[in-house]
Amino acid sequence: MERTLSIVKPDGVEKGVLGEVIKRFESNGLRVIAMKMVCMSKEQAKGFYYVHRERPFYESLTDFMSSGPAVVMVLEGENAISKNRELMGATDYREAAEGTIRKDFATDIERNIVHGSDGPDTAAFEISYFFNELEICG
Ligand code: ADP
Ligand code: MG
């Protein structure tokens with residue numbers, strides 16, 4: 001069993017695809033073991049995406065992530081990290097495989113509906129960024 005952090009980003013909440021995204025997780029062996037809606041400040045978004053601080057899109061990305069409500073979740077399942085990445089699709093929706101969340105709902109490389117941890121270390125950091133142990137029902 002593995003855990004990963006998922007975020008339905010502000011564009012996903014705005015577009016009303018929250019339920020559809022969760023449905024895809026649940027029907028593909030990923031169980032939601034923690035969940036809440038958050039309104040990140042610019043500073044909180046910058047802390048979350050600190051790894052990207054040198055990238056040209058850092059300012060714009062953190063403006064976007066702090067622009068409205070997002071839903072953060074801990075998903076648990078077998079190979080949860082790669083399974084979630086597979087369901088999400090490529091970062092750029094134009095390159096995402098058919099049937100993936102980003103292919104189906106994203107219309108912009110930055111506003112791409114979902115976030116998912118990319119490895120065990122980032123999953124541990126990202127889960128602890130939003131949740132304490134009491135909030136995780138694993
Ligand atoms: P992923 O979310 O697929 O793991 P990255 O970690 O590379 O992708 O990037 C983090 C987020 O930054 C992306 O999900 C997207 O919102 C944004 N992003 C990535 N690349 C670009 C880009 N070239 N232009 C604008 N935004 C980008
Ligand atoms: Mg990433």
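Residue numbers run from 1 in the order of the sequence given. Note that ligands are numbered from 1 as they come in the structure, with each ligand's atoms numbered from 1 the same way.
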(Q) If you apply the rule side chain to side chain donor-acceptor pair (under 3.5 Å), what do you find for Q44 with S66, and how did you get there? (A) CA-CA 8 Å; Q44 288 165 336; S66 58; over 6 Å; no
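Remark: distances from the non-hydrogen atoms of D118 to ligand 1 are all 4.0 Å or more. Every heavy atom of M88 sits 4.0 Å or more from the atoms of ligand 1. By the 4.0 Å heavy-atom criterion, R102 is counted among the residues contacting ligand 1.
Comparing heavy-atom distances from atom 7 (O) of ligand 1 across E110, R85, H52 singles out H52 as nearest.
Contacts of T91 classified as side-chain hydrogen bond (donor to acceptor under 3.5 Å, both in side chains), with partners at least two apart in sequence or in another chain: none. For N79, the side-chain contact (heavy atoms from CB on, under 4.5 Å) partners two or more places apart in sequence, or in a different chain, are S82.
Between F130 and F48, the two ring planes are tilted [angle within 30° to 60°].
Closest to atom 20 (N) of ligand 1, if we only count protein heavy atoms, is F57 CE2, 3.4 Å. Shortest contact from atom 11 (C) of ligand 1 to any protein heavy atom: L61 CD2, 3.9 Å. Scanning the protein for heavy atoms near atom 3 (O) of ligand 1, the closest one is T91 OG1, 2.5 Å. At the shortest separation from atom 13 (C) of ligand 1 among protein heavy atoms lies N112 ND2, 3.6 Å.
A salt bridge does not link R53 with E59: none of the charged nitrogens is closer than 4.0 Å to a carboxylate oxygen. D63 and K42 are joined by a salt bridge, as a carboxylate oxygen and a charged side-chain nitrogen come within less than 4.0 angstrom of each other.
No side-chain donor-acceptor contact under 3.5 Å links K83 and N28.
For ligand 1 and K9, the ligand atoms under 4.0 Å from any heavy atom of the residue are 13 (C), 14 (O), 15 (C), 16 (O).
Below 3.5 Å of separation, one finds no N or O of R111 facing any N or O of ligand 1.
Contact annotation: for M65 versus ligand 1, there are no heavy atoms closer than 4.0 Å. When heavy-atom distances to ligand 1 are checked against a 4.0 Å cut-off, I109 comes that close through both its backbone and its side chain.
Tested against I127, the residues T122, V72, L5, N132 include a single side-chain contact (heavy atoms from CB on, under 4.5 Å) partner, L5.
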